[in-house]
Q: 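Please find one structure pasted underneath; my questions will follow.
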Amino acid sequence: MATKAFLRVSTMEQDTEKNKIDILQFANTHKLGNVEFIEEHISGRIDYKKRKLGVLIESMNSGDVLIVPELSRIARSITQILEVIKVTKDKGIALYSLKEGFNNSEDSITATVTSTIFALVAQIERELISLRTREALHARQVAGVELGRPKGKGKSKLDKHREDIMRLIDLKVPKTLIAKQYNTSVGNLYNFIDKLKESA
């Protein structure tokens with residue numbers, strides 16, 4: 001059994017010592033053996049498969065353990081977080097998230113998602129929105145990039161999140177929570193979904 005700990009640090013954050021101490025204490029309490037830390041200084045907007053996290057999960061075997069300080073450190077998209085939960089479960093990797101007290105040890109991934117999705121979404125979506133807002137403001141200050149709703153008729157700020165939104169809808173996530181995650185109104189979300197259906 002190998003025990004790995006993944007720490008993603010955004011461009012605005014540098015200190016991971018507290019996370020390391022918390023993870024070491026958790027591993028010691030649960031007798032998980034020596035911990036190997038993998039750190040990644042990168043934005044969570046990038047697909048996890050194209051980051052160190054994807055390489056790490058691919059290299060791990062059944063019976064291995066993966067510890068993260070909190071689920072929002074995996075990615076900035078709830079769909080990707082859910083995908084990591086599913087992939088680790090399918091591979092037989094024990095995934096632990098310290099902040100939420102979460103682990104994927106249910107008998108099936110369906111049971112895992114069903115029993116935790118609403119609690120996780122409610123907790124994580126606030127953190128993800130806050131993180132996205134801070135990083136967007138930071139990027140605008142540094143690079144002078146204009147952020148906000150795309151210009152032009154028929155365009156929507158939700159267009160770039162189309163695939164993620166449809167996956168969340170397929171997972172039966174309440175539209176009120178989807179709207180909150182993408183910082184839009186429920187009415188605007190329904191209009192966006194209707195336009196997608198019309199163009200299908």
Q: Picking from Val68, Leu66, Ile67, Ile74, what satisfies side-chain contact (heavy atoms from CB on, under 4.5 Å) with Ser97?
A: Val68

Q: Can you find a pair of side-chain heavy atoms, one from Ile57 and one from Leu53, that are under 4.5 Å apart?
A: yes

Q: For Thr3, which residues count as a side-chain hydrogen bond (donor to acceptor under 3.5 Å, both in side chains) partner, sequence neighbours excluded?
A: none

Q: Can you tell me how far NZ of Lys175 sits from CG of Leu177, rounded to the nearest 0.5 angstrom?
A: 11.5 Å

Q: Check whether Phe37 forms a cation-pi arrangement with Lys20 (NZ or CZ under 6.0 Å from the six-membered ring centre, at most 45° off the ring normal).
A: yes

Q: List the steps, then state whether side chain to side chain contact (heavy atoms under 4.5 Å, CB included) holds for Leu71 with Lys99.
A: CA-CA 8 Å; Leu71 290 174; Lys99 184 172 183 177; over 6 Å; no

Q: How far apart are the closest heavy atoms of Met60 and Lys4, and which atoms are they?
A: CE-CG, 3.7 Å

Q: Between Pro69 and Ile23, is there a side-chain heavy-atom distance shorter than 4.5 Å?
A: yes

Q: Ion pair present between Arg51 and Asp47, side-chain N to carboxylate O less than 4.0 angstrom?
A: no

Q: How many angstroms lie between atom NZ of Lys86 and atom CG of Leu82, to the nearest 0.5 angstrom?
A: 11.5 Å

Q: Rounded to the nearest 0.5 Å, how far apart are CD1 of Ile193 and CD1 of Ile169?
A: 3.5 Å

Q: Please report the closest heavy-atom contact between Ser72 and Ile81, naming both atoms and the distance.
A: CA-CD1, 4.3 Å

Q: Do the side chains of Leu168 and Gln181 get nearer than 4.5 Å, heavy atoms only?
A: yes

Q: Find the distance between CZ (Phe192) and OH (Tyr182) and round it off to the nearest 0.5 Å.
A: 10.0 Å

Q: Any chance CG of Asn34 has more than 12 other-residue heavy atoms, nucleotides or ligands included, within less than 6.0 Å?
A: no

Q: In sequence, state the C-alpha distance, the side-chain angles, and the governing distance for Leu7 and Glu40, and then conclude on side chain to side chain contact (heavy atoms under 4.5 Å, CB included).
A: CA-CA 6 Å; Leu7 302 170; Glu40 185 170 45; over 6 Å; no

Q: What pairs with Phe26 under ring pair (Phe, Tyr, Trp, His ring centres under 6.0 Å), at least two apart in sequence or on another chain?
A: His30, Tyr96

Q: Atom CD1 in Ile38, atom OG in Ser59: separation rounded to 0.5 Å?
A: 7.5 Å

Q: Taking all non-hydrogen atoms of both residues into account, name the closest pair between Tyr48 and Gln80 and its distance.
A: N-OE1, 2.9 Å

Q: Looking at every non-hydrogen atom in both residues, tell me the closest pair between Asn104 and Ile93 and how far apart they are.
A: ND2-O, 3.0 Å

Q: Taking the side chain as everything from C-beta on, heavy atoms only, tell me whether Asp64 gets closer than 4.5 Å to Asn61.
A: yes

Q: Rounded at 0.5 Å granularity, tell me how far CG in Asn103 sits from CG in Leu98.
A: 11.0 Å

Q: Residues two or more places apart in sequence or in another chain: which of them pass side-chain hydrogen bond (donor to acceptor under 3.5 Å, both in side chains) with Asp164?
A: Ser77, Thr79

Q: Under 4.0 Å between a Lys/Arg side-chain N and an Asp/Glu carboxylate O for Arg8 and Glu39?
A: no

Q: Hydrophobic cluster membership, with links at side-chain heavy-atom distances under 4.5 Å among I/L/V/M/F/W/Y: are Leu158 and Leu171 in one?
A: yes

